[in-house]
Protein chains: 2
Amino acid sequence: MSQPTTDPRPTLEAVAARAGVSRATVSRVVNGSTGVRKSLAERVRRAVEELGYVPNQAARSLVTRRHDAIAVVVAEPETRIFADPFFGLQLRGISKELAAHDSQLVLLLTEGPDDYARVGRYLAGGHVDGALAFSLHLDDALPGIVRATGVPTVFGGRPYWSDTRRDVPYVDCDNRGGARDAVRHLVALGRTRIAHITGPLDQTSAVDRLDGYREVLAGADPRLIEECDFTSAGGERAMRDLLDRCPDLDGVFAANDLSAAGALRVLRERGLRVPEDVAVVGFDDMLHVAEQTDPPLTTVRQDIEGMGRLMARLLLHGRDRGQPPGTVVREAPGAEPAPVVTQTTLVRRASA
Amino acid sequence: MSQPTTDPRPTLEAVAARAGVSRATVSRVVNGSTGVRKSLAERVRRAVEELGYVPNQAARSLVTRRHDAIAVVVAEPETRIFADPFFGLQLRGISKELAAHDSQLVLLLTEGPDDYARVGRYLAGGHVDGALAFSLHLDDALPGIVRATGVPTVFGGRPYWSDTRRDVPYVDCDNRGGARDAVRHLVALGRTRIAHITGPLDQTSAVDRLDGYREVLAGADPRLIEECDFTSAGGERAMRDLLDRCPDLDGVFAANDLSAAGALRVLRERGLRVPEDVAVVGFDDMLHVAEQTDPPLTTVRQDIEGMGRLMARLLLHGRDRGQPPGTVVREAPGAEPAPVVTQTTLVRRASA
DNA sequence: TCGCCCGCGGGGAGCGCTCTCTCCTGTGCG
DNA sequence: CGCACAGGAGAGAGCGCTCCCCGCGGGCGA
């Protein structure tokens, strides 16, 4: 590892020699052959094939200043990458999109100030063409650090400062709209005492979902809102507190599926039937969770992998928009960096 | 993105000029200052600081043929990266270790033959110093492809062909030993009809755990073994089948926590008490699962993050071994590439 | 005192590629 | 039939860095 790989890899020169042309011609053929006679191009291609030539990315980067690589920066991975499949799915979407553009994915996981400095240095070092950044918490320094490097960046999830600075390209699902749909569904079911188990309110997704709830249920009893943390254990606790406080509640909108699952357990434990006595709606349509709760969870689906793809696309294409039809709800009109908010869909199962 | 980043980054030359020395001297200072007078080195360091100089990795790689980057190749991510935190934790360990060595992590997710070819090309292109490969299934072509590129590689989990070819560096936990411990624990509890819910038997981890079970319970009733798939839904199904077949069973060793959780649900559903009527042991000590089942799951813990670190370390250090004391159970004696098998520990909770 | 050796610092080549500039060839038109 | 022009191919200059090799100077032994 410390010593260089023994490296008899053929160079452009070698290919050129074999094809009987100049380096320049080979180069032209290798990167999109414009203005090279067909016969020659073919000969070059054959030489490339025979020699198993692969361009040296380092040499290429040196002159082009492009790297065909983007960084994915994740703040505090313990929070999300491990607890739920959310980040993995997003990563998958990103990976697919990058692969389609022959770009590499450099993963930078951070878990503290030291790491932040390291990431800042790396990004500032100009080793990548852009960055996709994930940060969940309001007070997280990472977004600022990433922005400070000047590297083109797209954020995953609405950053909390997107309110004050509008020049922030991000991709997020329509948390607020999804929450509205969820609550409206409960209302349509005739529920009148609808509680909300929130997510951690230092995350915009949780805040936006709460806003959506409030929007539909303006003037709702504040005791029906219980702050929670997106975990199933938290959901259990929250549900208990809510039931103790408001035994008459007949609907619950949980800010994510995990806390909904916790809530369901407590409801059953208390002998309440779902959905007859209490209807429950979650959020995320999380893999391996929403379908397997008892009863299966009605929830708000977001296309997580699609959001990942979108982030990558936004970063790679910069200006030219190529979102899959139907997913885009809103775009900042004309503004340079365009936040993209993707639609959610209510998935009806048995719990509401 | 398509156009190069505007790049007024200072070069070695600039630093040299500012410090009043030659490029070579600056280079020496930048990469571990050997043989440079202290005063000069200090002056250089100041110049670096003032100019905010960051070495151009591309230029450096071009001449050194090192990249300070390793690839993490994951076959069929849908299988694992999303369903459970296993891979995320391992990634975290890898990331930490790489960060400590100033190496970058290039993530290559694959999900089909096209991707395999792409990955093969990338690795063969010599863009990274080494690779860490994860592949689960017996018939997966990825390991072969990775090996064929000649890039130094460490595998995550014992590859199935490690039996026939011993020159395979991999890191895995002691699946067999852990399984033995689990089953012996059940035996020590006085259980005599101990069932086993296996994992998918095209994965070595599942096979090894089954072997461990068999090793302790030689000649066990084969009807006590039910093949399953590492999912909780599968665990439910398996448990039902087992109970239908052998209503007198009094112990269950599930090949992972997820299937154990499913089994627990079915046991409760059937009115069987855990651990009084049936004692249950899982495997993995999976985050957010083992502690939250009802009752909390006795299980076999593996240090997943540690295994990630170990993989990275093995790859980076090559020959010089620096494992944390205590974790290493076995190493191929003297052989070049050393498989590392990490110890597991039985975590006793309420289920057995 | 002189010479030699050693240690520090500098000069310069060149890693493999792209890209501009120039040259050459072939074609079409006057 | 000659000339101009266009388009295709080659030569060459670096991109920023490392590292080899050499030169210079100081210290020490003869």
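Quick note on labels: first sequence line is chain A, next is B, and so on, each numbered from 1. Keep in mind that what you see is a predicted model, and the values were worked out from it rather than measured.
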Does a nitrogen or oxygen in the side chain of B:R60 sit under 4.0 Å from OP1 or OP2 of D:dT18?
-> yes

Whole-Å distance separating the CZ atom of A:R43 from the P atom of D:dG8 | 16 Å

Report the residue (A:V63 or B:S39) whose heavy-atom-nearest nucleotide on DNA chain C is the more 5′ of the two.
-> B:S39

Which nucleotide in the set D:dG10, D:dC17, C:dC17 lies at the smallest distance from any side-chain heavy atom of A:N56?
-> C:dC17

With the side chain defined as heavy atoms from C-beta on, B:L12 is closest, among C:dG16, D:dT18, C:dT20, to D:dT18

In whole angstrom, what separates B:H67's NE2 from D:dC17's P?
-> 16 Å

A:R9 CZ - C:dG16 P separation (whole Å) | 9 Å

Are side-chain heavy atoms of B:D140 and B:Y116 found at a separation under 4.5 Å?
-> yes

Check every atom of C:dC15, C:dC17, D:dA9 against the side chain of B:L62 and return the nucleotide holding the closest atom.
-> C:dC15

Intermediate values then yes/no, side chain to side chain donor-acceptor pair (under 3.5 Å), B:D68 and B:S103 | CA-CA 5 Å; B:D68 294 322; B:S103 252; 4.6 Å; no

Heavy-atom donor-acceptor pair, B:R23 side-chain to D:dT18 base, under 3.5 Å = yes

Establish, with yes or no, whether the OP1 or OP2 oxygen of C:dG16 is under 4.0 angstrom from a side-chain nitrogen or oxygen of A:T11.
-> no

side-chain N/O B:S27 vs D:dC17 OP1/OP2, d < 4.0 Å = no

Using whole Å, report how far CZ of B:R28 lies from P of D:dC21.
-> 14 Å

In whole angstrom, give the distance that lies between atom CG of A:L40 and atom P of C:dC24.
-> 18 Å

Between C:dG9, C:dG10, D:dA9, which nucleotide gets closest to the side-chain atoms of A:R37?
-> D:dA9

Between C:dC8 (C1') and B:K38 (NZ): distance, integer Å = 16 Å

Select one nucleotide: of C:dG10, D:dG16, D:dC19, the one nearest the side-chain heavy atoms of B:T64.
-> D:dC19

Measure across B:D129 and B:H67 and return the closest heavy-atom pair with its distance rounded to 0.1 Å.
-> OD1-N, 2.9 Å

Does B:T25 make a side-chain N or O approach to OP1 or OP2 of C:dG10 shorter than 4.0 Å?
-> yes

Confirm from the modelled atom types if B:R65 and C:dG16 form a donor-acceptor pair under 3.5 Å, side chain to base only.
-> no

B:A75 and B:L142: which non-hydrogen atoms are nearest, and at how many Å?
-> CB-CD2, 3.7 Å

With a 4.5 Å heavy-atom cut-off, do B:M307 and B:Q90 have their side chains touching?
-> yes

Starting at CG of A:D68 and ending at P of C:dC17, how long is that distance when rounded to a whole Å?
-> 14 Å

Are side-chain heavy atoms of B:V73 and B:L132 found at a separation under 4.5 Å?
-> no

Of all the nucleotides listed (C:dG11, D:dG16, D:dG10), which has the minimum atom distance to the side chain of A:V21?
-> D:dG10

Under 4.0 Å: is that the gap between some side-chain N or O of A:N31 and OP1 or OP2 of C:dT18?
-> yes

